[in-house]
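Just below is one structure, and these are the notes that go with it.
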Amino acid sequence: MPLSGRLRWLVLFVALSALGGVWAVATPLYGVPDEPAHAVYSAAAVRGELFEPGDGNRVEVRVPADFAAAGAVPVCYAFQPEVPAGCAAAYPDVDGEASVVTTAGRYPPAYYLYAGLATFVDSGAQTVYLMRLLTAVLVGALLASATCSVLDRRRAPWTSLGLALAGTPMLFFFAGAVNPQAPEIAAAVLLWTSGAALLVTLRADPGRQLRLRDPLVRRVVVGAAVLSLARPLSLLWLALVVACLLGAFATAPALRAIVTSRAGVVGAVVVGITSLTTLGWVLVRDSLIQQDVPIFADLPFSQAVITAVEKADNEYREMIGVFGWRDNAAPGIAYVVFTLLLGSLLLVGSSGARRRQLAVLAALAGVVLLLPGVLDLSEYESSAFAWQGRYTLPIAVGVPLLLGFFADERGQRRVDLGVTVDHSMRRVALAFGAGLVVVHVAAFVGALNRNVHGVSGWWFVSQPGWVPPLPSWLLVAGCVVVCCSLAAGLVGVVGSQADRPAGGRSVRPPEQTGLGTGAAPVDRVDQSEATRR
């Protein structure tokens, strides 16, 4: 029996939050890039330390004395993949306050005000784990809402697969950390999915009345608002996501329906306020300032271009999963399987896209490939090619999501013509589900092994050099159970959507509809629901 909307959201929320939660426990304290700086700023932000002066991106704040040791905790194993995390000193639990320097003290404060609430609940190491869990549940809520936007569509098997690909292990690694990176990516996923679903719905039914109680409208507003508040560059990603969605799916009647509705106006006002707030903060606090690392100051520009191009391969792997302090790549099988799945979706989605949609997809791919290099080259003398693949994920996730929507639109046009539904989607979904379980479990086990044994050691062979808060076998089992459960749900949903024609109509073979082999190519047919009625 199908789950109700709220119960379905709750089940998804629990499962997706749990996946971030196992990463939170499997990662040693401050074992995530820049986590000490973000944790310190979270503790400072909720205590009103928001406008402290600084030297460059280094800002000194007053925080509970526990956090004075934050920066020193990962020193013994960060950037040293052979060293297990057990070398770190025990995290202190002391009273009083201390002055601590953070490199995140100029960032927009919304996430830090949220994560910092945990510092009023507990102290010591437990505080950091609570902040991580707050991040995991925020990411779980955003991704559950995005998933519901896809599941609410009557026939969207390929979009479901694209959404599954958008949730890379790197996203959940940061979902289990004190860092605004994962909430930014999850909010972008919510905006991509809900925005595309809303525009596709309005294109089919331009007379539809938009209301604030419409779940799609609420999700679009929440996704855009959270994205705009997340990080200093989030406004750029917001603009790019909106531009891509409008270019791929918008029609004049659909835009008219949005701008003339009260829901559209209220949503625009809310997102406008959050965006202007972040823009003002970024300008006043100079949030984009970088740490001065002039190790490439004398590098000729021609060599800098070569360096930026050579980084592209590593940035792609970082979007899938490079863990620790960027010192622990996922097992090779994770990259191979993920790339095969993405390539399969690319073949199907691009073949179902219209010319305008292909142009948008090409432009988006160009931005994903070229923008990191352009930004690196703009200040490599001082920033030392600081761009990381995870920074690109808010727009990169749009590639599999758009491909899924394009493939489903082609499938819908075939259904409208009476072409028999392709029931092989169940096998496709099974392959995707199994492949994604391999990707996530391999990445998780590899990251946990690095923390427990170092990359040169292995289970049952080397003595553990770090003991996580829960037994390693239990963490691995938890990851396997959650991933298999999500994969089983994906297979079931895709199979049911592939079997269910739009509107519940029976699908007749071409000879029964009068559309034989001499009919017009299905890719050129664009019948809306309004036209068919």
Side-chain angles (χ1 to χ4, degrees), residues 142-167 185-206 208 210 214-227 237-255 257-259 263-264 267-268 271 345-346 348-350 352-365 367-368 393-413 493-494 497 502 526 528-529:
L142 294 169
L143 292 180
S145 298
T147 306
C148 286
S149 291
V150 173
L151 297 183
D152 288 345
R153 301 185 69 210
R154 289 175 297 183
R155 181 177 166 80
W158 286 106
T159 306
S160 299
L161 298 178
L163 176 59
L165 279 179
I185 300 167
V189 171
L190 177 57
L191 179 58
W192 278 110
T193 54
S194 303
L198 180 62
L199 289 170
V200 169
T201 300
L202 289 175
R203 188 174 65 190
D205 186 9
R208 175 173 176 157
L210 294 183
D214 187 333
L216 269 183
V217 174
R218 295 199 304 268
R219 292 170 194 154
V220 169
V221 174
V222 169
V226 174
L227 177 59
W237 308 145
L238 174 62
L240 288 172
V241 173
V242 171
C244 288
L245 290 175
L246 293 178
F249 302 110
T251 61
L255 290 177
I258 294 174
V259 300
V271 177
L345 186 60
L346 176 63
V348 177
S350 59
R354 300 179 176 87
R355 290 182 181 178
R356 186 179 82 170
Q357 293 174 331
L358 285 175
V360 171
L361 184 64
L364 175 60
V367 170
V368 171
L393 272 174
I395 53 168
V397 294
V399 173
L401 291 170
L402 287 182
L403 288 170
F405 273 94
F406 296 163
D408 286 330
E409 283 197 321
R410 181 175 185 270
Q412 182 60 62
R413 293 195 295 273
V493 165
V494 170
Q497 287 183 327
D526 183 22
S528 68
E529 287 288 343

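In terms of the side-chain hydrogen bond (donor to acceptor under 3.5 Å, both in side chains) criterion, residue partners of S194 (sequence neighbours excluded) are, by chain and number, S149. With sequence neighbours left out, L364 forms a side chain to side chain contact (heavy atoms under 4.5 Å, CB included) with W192, C244, V368, I395, V399, L402. Residues satisfying the salt bridge (charged side-chain N to carboxylate O under 4.0 Å, His left out) test with R208, not counting sequence neighbours, are D214.
For the pair T251/P206, no side-chain contact is recorded, criterion being any heavy-atom separation below 4.5 Å from C-beta on. In this structure, L255 and L246 have side chains that are in contact, with non-hydrogen atoms separated by less than 4.5 Å. L403 is not listed as a side-chain neighbour of W158, based on a closest heavy-atom distance of 4.5 Å or more.
Remark: L161 CG to L401 CG distance equals 11.0 Å, nearest 0.5 Å. The CG atom of L216 sits 9.0 Å away from the CG atom of L202 when rounded to the nearest 0.5 Å. With values rounded to the nearest 0.5 angstrom, L190 atom CG is found 8.5 Å from L143 atom CG. Distance CZ/R218 to OG/S145: 9.5 Å, rounded to 0.5 Å. To the nearest 0.5 angstrom, F406 atom CZ is 10.5 Å from L345 atom CG. Put simply, CG on L210 and CG on L198 are 6.0 Å apart, with the number rounded to the nearest 0.5 Å.
The only member of L163, L142, L227 that meets side-chain contact (heavy atoms from CB on, under 4.5 Å) when paired with V189 is L163.
Smallest separation of non-hydrogen atoms from V150 and S160: CG1-OG, 3.4 Å.
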